[in-house]
Amino acid sequence: MADSWVNAAERIGSDLHLELTGPGGRRAALIRSLREAVRSGRLAPGTRLPPYRSLAADLGVARNTVADAYAELVAEGWLIARQGSGTRVAERAEPLRPAARVPTKAPPRARGPRHDLTQGTPDASAFPRTAWLTSYRRALQQAPHEVFGPGDPAGRPELREALTEYLARARGVRTAPGRIVVCSGFAHALRLLFGGGVLRGPLAVEAYGLGFHREVLAAAGVRTVPLPLDENGARVDRLGRERAVLLTPAHQFPTGGPLHPARRAAVIDWARARDGLVLEDDYDGEFRYDRKPVGAVQGLDPEHVIHIGSVSKSLSPAVRLGWMVLPERYVGAVLDAKGEREAWASVLDQLSLADFIASGAYDRHVRRMRQRYRGRRDRLVSALAEHAPHIEATGIAAGLHAVLRLPPGTEASAVKAAAWQGIALDGLAAFRHPETDMPVDDGLVVGYATPSEHAYGPALEALCGALPPP
């Protein structure tokens with residue numbers, strides 16, 4: 001006979017495991033097991049129990065054994081039995097709760113900022129839920145059975161085909177689906193390329209950039225060499241013995257501005273001469289306001305540029321999807337580094353994004369957000385002109401943030417004043433490479449995309465109140 005029983009869900013609505021062990025025989029064991037299930041809350045008040053015949057058959061015991069157990073628990077008040085409605089857990093039967101403890105004073109919770117003006121994240125309230133859900137449902141309904149097996153490390157062909165068309169049209173990227181590898185974002189791409197042994201350092205980087213990316217590279221044992229910046233972007237003429245360089249040519253992060261056309265050509269010439277590589281971080285490539293679109297550097301030479309993008313700024317960082325457009329000679333090595341199965345990027349999200357792009361919903365969302373962020377940028381500039389005309393905002397022709405140039409020596413106090421006003425933002429120094437010899441510039445990096453529409457006005461008011469006087 002069985003020593004335990006797991007009921008079918010359709011009988012009482014949820015699975016329940018009963019142990020029939022211990023002294024006293026089967027009847028006593030069943031009573032103990034049911035009593036404990038009610039006491040612990042595994043059988044909630046009102047739950048209908050199986051009929052005698054069904055439970056007896058599952059347990060391999062006589063029907064009288066189950067009937068007697070039910071009758072005793074009814075007499076004790078654990079169960080109730082009514083004609084026509086079966087046997088149920090009594091409504092007043094409550095699980096035991098831990099003994100009350102003397103309340104202790106909870107430690108004070110740290111208060112978050114009232115105004116979030118950090119860079120790098122879009123307006124979370126603007127995520128296109130309805131359109132995304134439409135794409136998700138359509139992708140799920142049309143998905144072949146293989147989608148629900150182990151994922152292809154290259155990424156779903158539907159997404160790679162959609163990206164091939166979109167990147168060619170919107171960013172001037174020259175590629176084919178077989179040269180695109182899906183990843184979970186830019187940091188993941190760096191880990192695959194350098195942590196996976198596809199590329200080795202040293203790596204030239206811009207003198208100002210995201211510290212987290214430098215940390216990812218350092219963890220992979222890569223030494224980064226800073227390149228100075230000026231009004232035309234990275235000084236690629238200062239490239240030395242490195243075999244690879246990481247650039248943000250569409251909109252330098254965080255200082256702003258595209259890489260000058262002459263320097264784009266120069267870095268491609270450098271890569272060809274040394275058989276080197278340009279790693280192109282297509283940061284903010286889609287959000288431009290006061291200038292014509294700047295195409296991807298990859299379009300100048302697909303065999304010497306790795307183009308890396310994601311939807312973390314254009315859509316949401318919660319959709320953990322990015323891509324690498326690779327020279328043909330690196331595709332196999334990247335796939336080897338990634339492994340035999342997709343372990344990072346949800347296959348269902350890949351299909352949803354493929355549909356979102358192919359249906360035109362992605363283009364519509366980007367256009368809508370471009371208009372919204374341009375309005376945010378304009379409100380920031382107007383607020384500065386009215387309340388702090390001595391502060392210049394730079395890098396505002398594109399992107400999701402601006403750099404507010406400050407008088408020398410005032411950055412640290414301005415960051416502190418902003419914190420007192422409940423504002424979360426970064427000083428320009430936080431993005432400075434520790435080994436650069438560039439002159440120090442004081443500034444604040446202000447993200448104007450993060451706050452919701454209703455929170456943006458108060459955030460600007462608080463920001464102007466935290467800026468140093470003339």
Side-chain angles (χ1 to χ4, degrees), residues 115-122 205-214 226-235 247-260 281 283-285 287-291 294 313 373-419 421 423-434 436 438-451 456 459-460 462-470:
H115 310 293
D116 190 354
L117 293 177
T118 51
Q119 59 74 36
T121 55
V205 299
E206 294 161 333
Y208 281 84
L210 198 60
F212 174 64
H213 291 166
R214 293 196 294 267
L227 290 176
L229 300 167
D230 60 21
E231 65 277 5
N232 293 319
R235 291 283 306 276
L247 300 173
T248 52
H251 186 237
Q252 202 287 319
F253 178 82
T255 62
L259 187 65
H260 191 276
D281 181 359
Y283 179 84
D284 286 348
F287 295 113
R288 56 198 181 273
Y289 313 120
D290 298 330
R291 57 173 169 78
V294 178
K313 310 298 184 297
Y373 295 147
R374 178 172 184 163
R376 299 271 189 95
R377 188 278 313 264
D378 292 346
R379 291 173 63 184
L380 170 62
V381 173
S382 297
L384 292 175
E386 181 178 356
H387 301 289
H390 59 291
I391 302 295
E392 179 189 8
T394 64
I396 58 175
L400 305 182
H401 72 271
V403 176
L404 308 191
R405 300 293 178 175
L406 301 179
T410 63
E411 179 180 314
S413 61
V415 172
K416 186 175 181 180
Q421 294 277 2
I423 305 170
L425 49 68
D426 297 298
L428 188 57
F431 303 94
R432 181 182 173 89
H433 195 290
T436 183
M438 283 186 64
V440 175
D441 289 327
D442 286 60
L444 298 178
V445 180
V446 176
Y448 48 77
T450 304
Y456 188 54
L460 288 182
L463 172 66
C464 291
L467 295 174

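Computed over heavy atoms, backbone and side chain alike; hydrogens, waters and symmetry mates excluded.
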Check your understanding: With a 4.5 Å heavy-atom cut-off, do Leu229 and Thr436 have their side chains touching?
Key -> no
Check your understanding: When rounded to the nearest 0.5 angstrom, what is the spacing between OH in Tyr448 and CG in Leu117?
Key -> 12.0 Å
Point to revise | Validation row: Leu380, Tyr456 side chains within 4.5 angstrom (heavy atoms) | key: yes
Point to revise | Donor-acceptor pair, side chain of Glu411 and main chain of Leu428, under 3.5 angstrom | key: yes
Show me, pair by pair, the donor-acceptor contacts under 3.5 angstrom made by side chains of residues 383-393, not counting sequence neighbours?
from: His390; atom 1: NE2; to: Pro468; atom 2: O; distance (Å): 2.7

Check your understanding: If you look at every heavy atom in His401 and Pro254, which pair is closest and at what distance?
Key -> NE2-O, 2.8 Å
Check your understanding: Distance from Glu231 atom CD to Gln252 atom CD, nearest 0.5 Å?
Key -> 13.0 Å
Study note, to complete from the structure: Heavy-atom closest pair (Tyr289 atom, Ile396 atom, distance to 0.1 Å) is CD1-O, 3.7 Å
Point to revise | Criterion side chain to side chain contact (heavy atoms under 4.5 Å, CB included) on Leu259 and Val294, from CA distance to verdict | key: CA-CA 9 Å; Leu259 187 65; Val294 178; over 6 Å; no
Review point. Just by modelled atom types, is the Thr410 backbone N or O under 3.5 Å from a matching donor or acceptor in the Asp442 side chain?
Key: yes
Exercise for review: Can you spot which of Leu404, Asp426, Ile423 makes a side-chain contact (heavy atoms from CB on, under 4.5 Å) with Val446?
Suggested key: Leu404
**Study point:** Ala398 to Arg288 - nearest heavy-atom pair and separation
**Key:** CB-CA, 3.7 Å
Check your understanding: Going through the distances and angles, do Thr394 and Arg405 end up as a side chain to side chain contact (heavy atoms under 4.5 Å, CB included)?
Key -> CA-CA 7 Å; Thr394 64; Arg405 300 293 178 175; 3.3 Å; yes
Review point. Within a strict 4.5 Å, meaning less than it, do heavy atoms of the Leu210 and Phe431 side chains meet?
Key: yes
Review point. Rounded to the nearest 0.5 Å, how far apart are OG1 of Thr255 and CG of Asp441?
Key: 9.5 Å
Point to revise | Tyr283 and His251 aromatic ring geometry - parallel, tilted or perpendicular at 30°/60° bounds | key: parallel
**Study point:** Exam field: side chain Thr450 to backbone Thr118, donor-acceptor pair closer than 3.5 Å
**Key:** yes
Review point. Would a 4.5 Å heavy-atom cut-off, applied to side chains only, mark Phe253 and Glu206 as touching?
Key: no
Practice item. Check whether any side-chain N or O of His433 sits under 3.5 Å from a backbone N or O of Val205 as a donor-acceptor pair, and report yes or no. Key: no
Check your understanding: Checking Arg376 side chain against Pro451 main chain: does a donor-acceptor pair fall under 3.5 Å?
Key -> yes
**Study point:** Closest approach of Tyr373 to Ala449 (non-hydrogen atoms, all atoms of both residues)
**Key:** CE2-CB, 3.5 Å
Check your understanding: Mind checking whether Arg432 and Met438 have side chains closer than 4.5 Å, heavy atoms only?
Key -> yes
